[in-house]
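Below you'll find the structure, written out as structure tokens, and then a few comments.
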Amino acid sequence: MRLFPLSALVLSLTALPVLAAEQGIAVPAGPLGAALSDLSRQTGISIGGDQILTGRHSPGASGPLTPEQALTRLLAETGLGFRKVGPDTYRLEPLPAPHLRPAADQGQAAPVEPIIVTATKRGTSPVDLPVAVGWLTAADLARLGSTNPDAALPLLGAVGSTHLGPGRNKLAIRGLSDSAFTGQTQATVGLYLDNAKVNYNAPDPHLHLIDLDRVEVLRGPQGTLYGGGSIGGILRIVPAPPDLSERSAQARLSGSLTRDGAPGGGVEAVLNQPLLTDRLAVRLALYADREGGVIDAAGGRRNIDRTDTQGGRLLVAFVPIEDWRLELGGTYQLIDTDDSHYIQGRRGCCTRAAQLAEPHDNDFDEAHVTLTGSLPFADLHSTTAFVRHEIDSFYDASTAVLALSGLPARPALFHEAQLSRLWTHETRLTSKDDGDNGLNWLSGLYLSRQTANSSRRLTPAAESGTDLWRRDRVDEVKEAALFGELSWRFQPDWTLTAGGRLFHVAQEVEATARAPSAARAEGYTRETDYTPKLALSWQAWKDTSFYAQMTEGYRPGGINIEEAGPVTGDDYRTARFQTDELWNYELGTKLSLWQGRLMLDAAIFHALWRNIQTDQLRADGLTVTTNAGDGSNTGIEVTPRLHLGPWRLDATVILNDPELTRVARDFTGSADGGLPGASRLSGSASLSWRGQVTEGVNLLAALDYSHTGRTHLTFTNGISQGPVDLLGGRITLHGTGGWSLGVALDNILDSDANQFAYGNPFTLGAGPQATPVRPRTVRVSIGWEG
């Protein structure tokens with residue numbers, strides 16, 4: 001973490017109020033998508049919606065116009081209108097125009113990508129961002145026909161996951177994974193529900209993607225804007241906001257059948273209700289889902305790994321005065337899994353030896369309040385959020401009784417429980433887009449506090465109240481940070497962006513051993529440091545840009561309190577695992593050709609990862625957090641999006657070269673082992689066709705393919721998994737009255753490949769374990785929207 005003079009300069013500059021000179025609007029005639037993007041940049045408004053833009057031509061707009069006047073002119077004779085859904089936020093909608101032919105007749109494709117993404121904490125067109133971005137719009141998610149995040153992740157590009165099961169997985173971007181195990185390390189991917197951070201060291205809560213505006217991904221470290229835990233990047237889930245002017249409702253029923261598995265199904269409902277037109281509205285989404293089990297246990301138990309999920313979200317939006325908006329919201333989700341999703345053996349599906357049941361529960365609750373508004377010199381955004389995350393996992397630990405307690409082996413369960421409470425607050429100011437002046441800034445304050453109470457217990461299967469072995473632990477992590485970013489367009493086509501984040505992290509730990517003997521230990525650690533960012537972008541010609549950037553990500557160090565032994569003390573520095581840092585150097589380009597019909601994003605990156613934090617298994621089956629050494633990953637990613645008439649192709653190809661370049665002393669990895677879970681080749685593609693088949697009936701047909709190359713479970717080549725090739729297909733009919741009927745076929749080739757995960761940590765060393773792909777599954781759904 002260097003370049004302190006640059007970071008200090010950037011932070012001081014971003015603290016200065018930058019007054020935007022009032023400029024006239026000047027948007028030339030041309031493709032509608034480009035015109036709307038220009039208007040967004042010049043005025044700072046956000047324009048969204050799922051309407052078709054390809055092939056529509058805008059007459060342009062210029063002069064001393066208000067944003068709404070300019071938007072009206074840009075949409076003239078395009079068949080589209082707009083509706084204001086919030087301060088500086090507009091949604092495109094079709095106008096009743098009988099003389100216009102349907103989109104399918106005009107040879108138009110499915111909806112293109114959104115005009116504005118906000119994961120960079122300012123509304124910006126993707127082509128203007130000096131960072132690799134992936135996204136799925138509301139229309140993209142609707143075409144998937146599923147709210148299961150496992151269906152969406154492959155299509156986001158460069159986003160991977162372990163496969164322990166819903167509510168138990170770890171996410172990774174660009175193969176920057178530290179292990180398949182979950183311990184004290186902070187996640188490598190920052191997960192956000194709109195503007196609220198929802199994870200620290202807990203697994204991905206597997207939030208269902210219901211009623212969303214979009215999902216956004218920033219690839220590569222985002223330490224300047226998002227702080228620790230964003231080494232791999234950011235995954236941001238953006239719910240659909242309450243509509244202040246129009247009532248709407250949606251409902252969907254679904255069912256599934258799996259080869260040699262139990263049936264499943266689900267129900268979803270969404271209601272938007274304005275209470276005071278253009279002032280106050282509520283939006284409610286509810287869902288329940290059952291995924292039938294596919295694993296059988298020897299001895300007669302069938303389909304033991306059934307998973308039930310239920311959840312909901314409530315948002316309340318209030319606009320007290322023009323350009324100010326207050327939002328209150330909450331989300332909850334409960335995941336109950338009856339048993340683990342693994343088998344013994346290298347592959348095959350789906351029977352494992354008889355053993356004790358290994359259930360898993362994941363309960364997630366989130367609440368937030370967000371205030372946005374316009375000041376004379378800047379836009380204000382302030383979010384305060386609270387997340388409660390409770391996780392319970394059980395493992396058959398009969399073989400570990402002797403190693404942990406010193407007692408003779410007997411049937412026993414290992415219960416791992418964690419209750420995490422995370423408070424976060426962020427207030428930031430963003431300069432108003434000043435048009436030709438070319439100077440934009442962003443500055444903010446971030447505060448967080450996480451408290452995690454964890455308990456690990458080994459109990460006899462027949463005596464749940466008796467502890468053979470037990471460890472309790474309380475962690476408290478506090479963080480405060482100042483961050484800023486300054487963009488300077490020093491030439492008409494050149495922009496320089498610099499940023500920095502100054503942070504302080506304090507961690508305190510109390511650990512208590514209760515059985516088989518009693519002991520207590522404490523520890524603490526403090527850290528103050530900074531992270532810089534520098535990027536240069538060049539708009540070579542309209543809709544084509546190139547960029548170069550260097551950014552840093554980090555994860556603060558922590559304490560393995562048990563490694564300090566049973567002696568009581570207040571400073572176990574020898575038990576610390578060190579802060580890890582990742583520098584990413586990247587060259588990229590973003591092209592838009594043939595009036596937006598072909599869009600291509602490409603990047604070459606080189607990541608240097610120092611003091612890699614990793615959670616590893618000890619010989620007794622418990623996890624320990626340590627530093628593996630240094631690593632690197634050099635890669636190329638290419639993301640084309642092609643729209644030809646009713647056809648659409650979205651694809652991503654990623655080549656990685658992950659290495660462990662230095663092995664830390666006393667670490668058991670090898671220099672030729674690479675990074676766990678990082679495949680050298682991965683990619684995905686979705687080919688779809690959408691058009692009108694009869695009067696009032698539209699058809700969507702799609703094929704989805706994903707490939708993940710061979711991976712390794714740890715930093716050695718001892719346990720390899722994959723490759724995994726999955727092919728799925730979907731057909732959806734949309735009829736009059738808002739009705740739809742969908743049929744999907746998952747895993748068409750009925751692959752039984754072994755995915756990146758493990759099963760039981762206490763028996764992993766006794767023989768191979770596999771987490772197979774779900775067998776071929778047929779899903780049917782019927783929906784209504786009105």
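For the pair D365 and F386, the minimum side-chain heavy-atom distance is 4.5 Å or more. In this structure, the side chains of T771 and T162 stay at 4.5 Å or more apart for every pair of heavy atoms. Taking 4.5 Å as the limit, every side-chain heavy atom of L749 sits out of range of all side-chain heavy atoms of L726. At a threshold of 4.5 Å between non-hydrogen side-chain atoms, the residues T777 and V294 do not count as touching. Side chains of T188 and S177 form no contact here, defined as non-hydrogen atoms less than 4.5 Å apart. With a 4.5 Å cut-off on side-chain heavy atoms, P723 and H707 count as touching. In this structure, the side chains of L644 and L649 stay at 4.5 Å or more apart for every pair of heavy atoms. Contact check for L326 versus V316: no side-chain heavy atoms found under the 4.5 Å cut-off.
Remark: D361 CG to R168 CZ distance equals 10.5 Å, nearest 0.5 Å. In this structure, the separation between CD on Q333 and CD on Q310 is 9.5 Å, given to the nearest 0.5 Å. Between atom OG of residue S706 and atom CG of residue D725 there is a gap of 7.5 Å, rounded to the nearest 0.5 Å. In this structure, CZ on R219 lies 4.5 Å from CD on E637, to the nearest 0.5 angstrom. Atoms CG and CZ, from D308 and R290 in turn, are 4.0 Å apart once rounded to the nearest 0.5 Å. For the atom pair CG (N698) and NE2 (H734), the distance works out to 7.5 Å, reported to the nearest 0.5 Å.
The main-chain N or O of I748 is found under 3.5 Å from a side-chain atom of R776 such that the two form a donor-acceptor pair. Using modelled atom types, no side-chain atom of D601 and backbone atom of T639 make a donor-acceptor pair closer than 3.5 Å. One N or O on the side chain of W784 and one on the backbone of G737 form a donor-acceptor pair closer than 3.5 Å. In this structure a side-chain-to-backbone donor-acceptor pair under 3.5 Å is present from S684 to P154. The backbone N or O of P775 sits nowhere less than 3.5 Å from a side-chain atom of T258 that would complete a donor-acceptor pair. Under a 3.5 Å cut-off, the side chain of R313 and the backbone N or O of I210 do form a donor-acceptor pair. Panel note: side chain N169, backbone S161; no donor-acceptor pair is recorded below 3.5 Å. Listed for the K590 side chain is no donor-acceptor partner under 3.5 Å among the backbone atoms of P130. Here the side chain of T652 pairs no donor or acceptor atom with the backbone of V638 at under 3.5 angstrom. For N199 (side chain) and L191 (main-chain N/O), a donor-acceptor pair under 3.5 Å exists by modelled atom type.
Nearest heavy-atom pair, S751 versus V773, reported as atom, atom and distance to 0.1 Å: O-CB, 3.8 Å. Contact between S256 and G265 at its shortest, heavy atoms only, is OG-N, 4.3 Å. The nearest pair of heavy atoms linking D278 to S245 is OD1-CB, 3.4 Å. Closest of all the heavy-atom pairs between L244 and P274 is O-CB, 3.5 Å. In plain terms, the two heavy atoms of A152 and L209 that are nearest each other are CB-CD1, 3.6 Å. Considering every non-hydrogen atom in both P772 and Q755, the closest pair reads O-NE2, 3.5 Å.
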### Task
Any chance you could lay out the side-chain contact (heavy atoms from CB on, under 4.5 Å) test for R779 and R730, step after step, and finish with the verdict?
CA-CA 9 Å; R779 303 183 188 274; R730 297 170 279 122; over 6 Å; no
### side-chain contact (heavy atoms from CB on, under 4.5 Å) assessment of L136 paired with L212
CA-CA 10 Å; L136 292 172; L212 300 184; over 6 Å; no
### Message
Would R259 and D750 count as a salt bridge (Lys or Arg N to Asp or Glu O under 4.0 Å) here? Give the steps.
### Response
CA-CA 9 Å; R259 180 185 63 80; D750 208 21; 2.7 Å; yes
### Query
Do Y226 and L218 pass the side-chain contact (heavy atoms from CB on, under 4.5 Å) test, and can you show the C-alpha distance, the side-chain angles, and the key distance before you say yes or no?
CA-CA 11 Å; Y226 288 94; L218 298 184; 4.2 Å; yes
### Query
Given E327 and H368, is the side-chain hydrogen bond (donor to acceptor under 3.5 Å, both in side chains) satisfied, shown in steps?
CA-CA 8 Å; E327 180 181 282; H368 70 269; 3.0 Å; yes
### Message
As a quick check of understanding, evaluate side-chain hydrogen bond (donor to acceptor under 3.5 Å, both in side chains) for Y332 and D363, giving each step before the final call.
### Response
CA-CA 8 Å; Y332 84 96; D363 299 343; over 6 Å; no
### Message
Between W594 and L642, is the side-chain contact (heavy atoms from CB on, under 4.5 Å) condition met? List the steps.
### Response
CA-CA 10 Å; W594 302 342; L642 178 64; 4.2 Å; yes
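Classification of K170 and D204 as a salt-bridged pair fails, no side-chain N sitting under 4.0 Å from a carboxylate O. A salt bridge links R283 to D211: at least one charged side-chain nitrogen sits closer than 4.0 Å to a carboxylate oxygen.
With T383 as reference, N195 is the one residue of N195, V369, T424, T372 to meet the side-chain contact (heavy atoms from CB on, under 4.5 Å) rule. Among L155, L141, V238, the single residue meeting the side-chain contact (heavy atoms from CB on, under 4.5 Å) criterion with V215 is L141. F364 pairs in a ring-ring contact (aromatic ring centres under 6.0 Å, His included) with only one of the listed residues (H389, H208, H206), which is H389.
No side-chain N or O of T307 forms a donor-acceptor pair with one of D305 less than 3.5 Å apart.
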